[in-house]
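Have a look at the structure below before the remarks.
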Amino acid sequence: MDPALTLTPAQADALREVAMIGAGRAATALAVLAGHRAQVSVPAVHLRPLAELSAVDGAPTDPVAALRVPVRGDLSGTFLLLAAPAVADALGARVVQQWLGGERRAPLLDSALCELGGMLAGAYLAAVGEFLGKVLGHLPPTLVRGARADTLRAAGPALGRPGAPVPCLAHDVRLEMDPAPVALQVRWLLDPPSLHALLRATGVR
Amino acid sequence: MSPTVLICDDAVFMRRMLADLLVRAGCTVVGEAESGVEAVAQYVALRPDLVTMDLVMPDMGGIDALREIMRRDPAARVLVCSAMGQQALVVEAIQAGARDFVVKPFQAERVLEAVRRLLG
């Protein structure tokens, strides 16, 4: 268990199960969209300030392409799909090639990535919502490129006091693309009331 | 004359994908909308035989646009295509007047089957 976590073991376990349920459905959606097999890691649960969270997965200055999807409904927060810029570009091109037969114009690639973010978020949230008996939705995704820390920080304002720990359900996805597999990071940043609501819904004290 | 279709989705990629499918099904795409507000305006202007409607769009979401279209034309044929496949949302869309609901990412044949059925 993450040493920074203050959740009970049972709560952390329940959150990991919630994340696994979402991750599985999202991976299926990704596999259909990209036409390649997708495998998910065992989810992790973090409870750290955003500044520290950006250092968990890599250097805060690492360039990333991020799909940011605001979550709304019975739970809220921000759903993030992060990848190295080259991976994002390759994934966008793959999706366009898979579904439109090879056109590679830049606006279409970014649109394909946004649509991918929406589909993954939609699949993840639908699975979690059905599991918990909650209705979860999201707003249109946006694609941002920049440093990892800046990307996470931009997702932060609605999630609580600056510097306060932000609950994060995290998992990684390995997509078996040609010529080599690529890695994506999926993060659901929750606001504190949503964390409490989620825990109540799991029934774990 | 081939059936006319209005495609409503904020992602140009998805609009292109659906357009390809619908043309393959023998339809003519007469308009595209990027938001719920635009969807309603385009419907009123074009009166297409079929509408494909995303749910998550800026300005006005797909459910609200669907309700507005149905208010103006109770006979409108709207096929919802959305990544939001939770049962409660599917039910809401059907109750709002959608004729069918396809969850993204979809198999092409699922969309073609729905279009064929809606257009009779």
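When reading the values below, keep in mind they use all heavy atoms of this one structure, side chains included, and skip hydrogens, waters and symmetry mates. Since we're looking at a predicted model, the values are computed, not measured.
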Using the rule given for side chain to side chain contact (heavy atoms under 4.5 Å, CB included), can you reason through B:Arg16 versus A:Val96, listing the C-alpha separation, both sets of side-chain angles and the distance that settles it, and then say yes or no? CA-CA 10 Å; B:Arg16 289 290 302 276; A:Val96 171; over 6 Å; no

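Side-chain atoms of B:Gln86 come within 3.5 Å of backbone N or O of A:Lys134 as a donor-acceptor pair.
Contacts between A:Ala29 and chain B at a heavy-atom distance below 4.5 Å involve backbone atoms as well as side-chain atoms. B:Met17 touches chain A through backbone and side chain together, each having a heavy atom under 4.5 Å away. Neither the backbone nor the side chain of B:Leu55 comes within less than 4.5 Å of any heavy atom of chain A. Both the backbone and the side chain of A:Leu136 come within contact range of chain B, judged by heavy atoms closer than 4.5 Å.
Under the rule for a salt bridge (charged side-chain N to carboxylate O under 4.0 Å, His left out), the partners of B:Arg110 that lie at least two apart in sequence or sit in another chain are B:Asp100, B:Glu113. Contacts of A:Asp74 classified as salt bridge (charged side-chain N to carboxylate O under 4.0 Å, His left out), with partners at least two apart in sequence or in another chain: none.
To the nearest 0.5 Å, atoms CZ (B:Arg15) and CG (A:Leu108) are separated by 10.0 Å. Atom NE2 of A:His138 and atom CE of B:Met84 lie 5.0 Å apart (nearest 0.5 Å). Remark: A:Trp99 CH2 to B:Leu21 CG distance equals 8.0 Å, nearest 0.5 Å.
Applying the 6.0 Å contact sphere to CD of B:Glu109 captures more than 12 heavy atoms from other residues, nucleotides or ligands. Within a 6.0 Å sphere centred on CD of A:Gln39, heavy atoms belonging to other residues, nucleotides or ligands number more than 12. In B:Arg116, the CZ atom is crowded: over 12 heavy atoms of neighbouring residues, nucleotides or ligands sit closer than 6.0 Å.
The interface of residues 6-14 of chain B with chain A, defined by heavy-atom distances below 4.5 Å, comprises B:Asp9, B:Asp10, B:Ala11, B:Val12, B:Phe13, B:Met14. Using a 4.5 Å cut-off between non-hydrogen atoms, no part of residues 60-77 of chain B approaches chain A.
In terms of non-hydrogen atom pairs under 4.5 Å with chain B, the most contact-rich of A:Ala127, A:Cys114, A:Ala112 is A:Ala112. Ranking A:Val135, A:Leu33, A:Leu120, A:Thr28 against chain B, the residue ahead of the rest is A:Val135, based on heavy-atom pairs under 4.5 Å.
Across every non-hydrogen atom of B:Ala83 and A:Gly118, the tightest pair is CB-O, 3.5 Å.
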